[in-house]
Amino acid sequence: MDSFEIRDRIYYAVCYGTSRLDEPLLENHNGAIFSVDSSLIKGSPMSRRVTHFVCSHVAVIPDRWVYRNFQARLDFIRPEGRKGDRLRERMYDQFVLLEPVMEYEALIAVNYVRKTGRPGLPGETTLR
């Protein structure tokens, strides 16, 4: 995870993740949800079999909000992690399609923190 600075403080941009996928979530995010089976996430164990990343909800959080004892990474980002594996190749392709959504939302969140000094999701953003 890459960090960046705003006003001499370290922050991270993170996609909101949830294990609960329901109709309100699907309706509010127009398909910008990236569902990943826990077997494709390496590192600390995930709480459920599938984690759903809401790509249209990127929060900017300060360094102090990050759990140092929790580390996880998508197991299909590196080329060697997906070579010859169709599932991992498909997951990577889906990630690449959603990456511009996450980048756009991260920019909005960064500008919000710069303007207000308040970390988290920008403005009145709610998940559902």
Side-chain angles (χ1 to χ4, degrees):
M1 180 182 325
D2 292 331
S3 64
F4 54 92
E5 286 188 27
I6 299 174
R7 297 186 192 125
D8 298 323
R9 294 184 68 194
I10 297 173
Y11 289 90
Y12 297 93
V14 296
C15 229
Y16 187 91
T18 182
S19 60
R20 194 178 80 170
L21 187 61
D22 55 26
E23 280 304 313
L25 190 67
L26 290 169
E27 289 173 7
N28 288 333
H29 300 287
N30 298 322
I33 297 173
F34 185 51
S35 299
V36 181
D37 190 277
S38 293
S39 66
L40 299 175
I41 302 173
K42 296 298 179 203
S44 299
M46 304 307 289
S47 61
R48 300 278 194 259
R49 190 181 66 77
V50 176
T51 298
H52 309 282
F53 296 96
V54 183
C55 301
S56 56
H57 270 46
V58 175
V60 169
I61 62 171
D63 184 55
R64 70 180 185 278
W65 290 8
V66 176
Y67 296 114
R68 297 289 173 219
N69 61 347
F70 181 85
Q71 293 189 6
R73 69 176 175 82
L74 300 175
D75 190 36
F76 47 83
I77 297 298
R78 294 180 180 164
E80 62 272 13
R82 63 181 184 274
K83 187 175 181 179
D85 185 322
R86 289 189 179 187
L87 173 61
R88 283 178 168 78
E89 288 174 358
R90 185 173 54 81
M91 294 303 294
Y92 179 76
D93 291 344
Q94 287 178 329
F95 178 83
V96 169
L97 288 174
L98 288 167
E99 194 171 25
V101 174
M102 294 181 277
E103 289 172 346
Y104 175 78
E105 295 298 330
L107 255 161
I108 291 171
V110 166
N111 287 332
Y112 178 77
V113 172
R114 282 186 178 139
K115 182 178 175 183
T116 67
R118 294 187 350 224
L121 291 170
E124 303 299 318
T125 304
T126 59
L127 184 60
R128 289 183 168 78

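Just so you know, these numbers use all the heavy atoms, side chains as well, and skip hydrogens, waters and symmetry mates. All values derive from a computational prediction rather than experimental measurement.
Across all non-hydrogen atoms, the minimal contact from I61 to P119 is CA-CB, 4.4 Å. Closest approach of M46 to A72, counting heavy atoms only: SD-CB, 4.4 Å. Here the shortest heavy-atom pairing between M102 and V58 reads O-CG2, 3.7 Å. The two residues A32 and V101 come nearest to each other via the heavy atoms CB-CG1, 4.3 Å. Here the closest non-hydrogen pair linking P45 and F70 is O-CE1, 3.9 Å.
The line from OG of S19 to NE2 of H52 is 7.0 Å long, rounded to the nearest 0.5 Å. Annotation: the span from I10 atom CD1 to S3 atom OG amounts to 5.5 Å, rounded to 0.5 Å. Of the inter-residue distances, the one linking L121 atom CG with I108 atom CD1 reads 11.5 Å to the nearest 0.5 angstrom.
Sequence neighbours left out, the pairs with a member in residues 54-66 that pass salt bridge (Lys or Arg N to Asp or Glu O under 4.0 Å) are D63-R68. The side-chain hydrogen bond (donor to acceptor under 3.5 Å, both in side chains) pairs that include a residue from residues 87-97 are D75-R88, D85-R88, where partners are two or more places apart or lie in different chains. Residue pairs satisfying the side-chain hydrogen bond (donor to acceptor under 3.5 Å, both in side chains) criterion with at least one member in residues 37-50, sequence neighbours excluded, are listed as follows: D37-S39, D37-R49. Listed by first and then second residue, the salt bridge (Lys or Arg N to Asp or Glu O under 4.0 Å) pairs that reach into residues 8-18 come to none, sequence neighbours excluded. Applying the side-chain hydrogen bond (donor to acceptor under 3.5 Å, both in side chains) definition to pairs two or more places apart or across chains, those involving residues 104-121 are Y112-R118.
Within 6.0 Å of atom CZ in R78, 12 or fewer heavy atoms from other residues, nucleotides or ligands are found, so the atom counts as exposed in its surroundings. By the 6.0 Å contact criterion, CD on E80 is enclosed, its count of non-hydrogen atoms from other residues, nucleotides or ligands being greater than 12.
Two different hydrophobic clusters hold Y12 and Y67 under the rule that ILVMFWY side chains link at heavy-atom gaps under 4.5 Å. L74 and M91 fall within a single hydrophobic cluster, where Ile, Leu, Val, Met, Phe, Trp and Tyr side chains are chained together by heavy-atom contacts under 4.5 Å. Cluster membership check: V96 shares its hydrophobic cluster with I41, using side-chain heavy-atom separations under 4.5 Å among Ile, Leu, Val, Met, Phe, Trp and Tyr. Under the 4.5 Å side-chain heavy-atom criterion for ILVMFWY residues, a single connected hydrophobic cluster contains both Y16 and L25.
The side-chain hydrogen bond (donor to acceptor under 3.5 Å, both in side chains) check on S56 picks up H29, with sequence neighbours excluded. With sequence neighbours excluded, the residues that form a side-chain contact (heavy atoms from CB on, under 4.5 Å) with E23 are L26, E27. Residues satisfying the salt bridge (Lys or Arg N to Asp or Glu O under 4.0 Å) test with R20, not counting sequence neighbours, are D22.
In this structure, V60 belongs to a hydrophobic cluster whose other members, linked by side-chain heavy atoms under 4.5 Å apart, are F4, I6, Y11, V110, V113.
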Full working for side-chain contact (heavy atoms from CB on, under 4.5 Å) between L87 and L40: CA-CA 9 Å; L87 173 61; L40 299 175; 4.1 Å; yes

- Dump the intermediate steps for side-chain contact (heavy atoms from CB on, under 4.5 Å) on F95 and V36, then the final yes or no. CA-CA 10 Å; F95 178 83; V36 181; over 6 Å; no

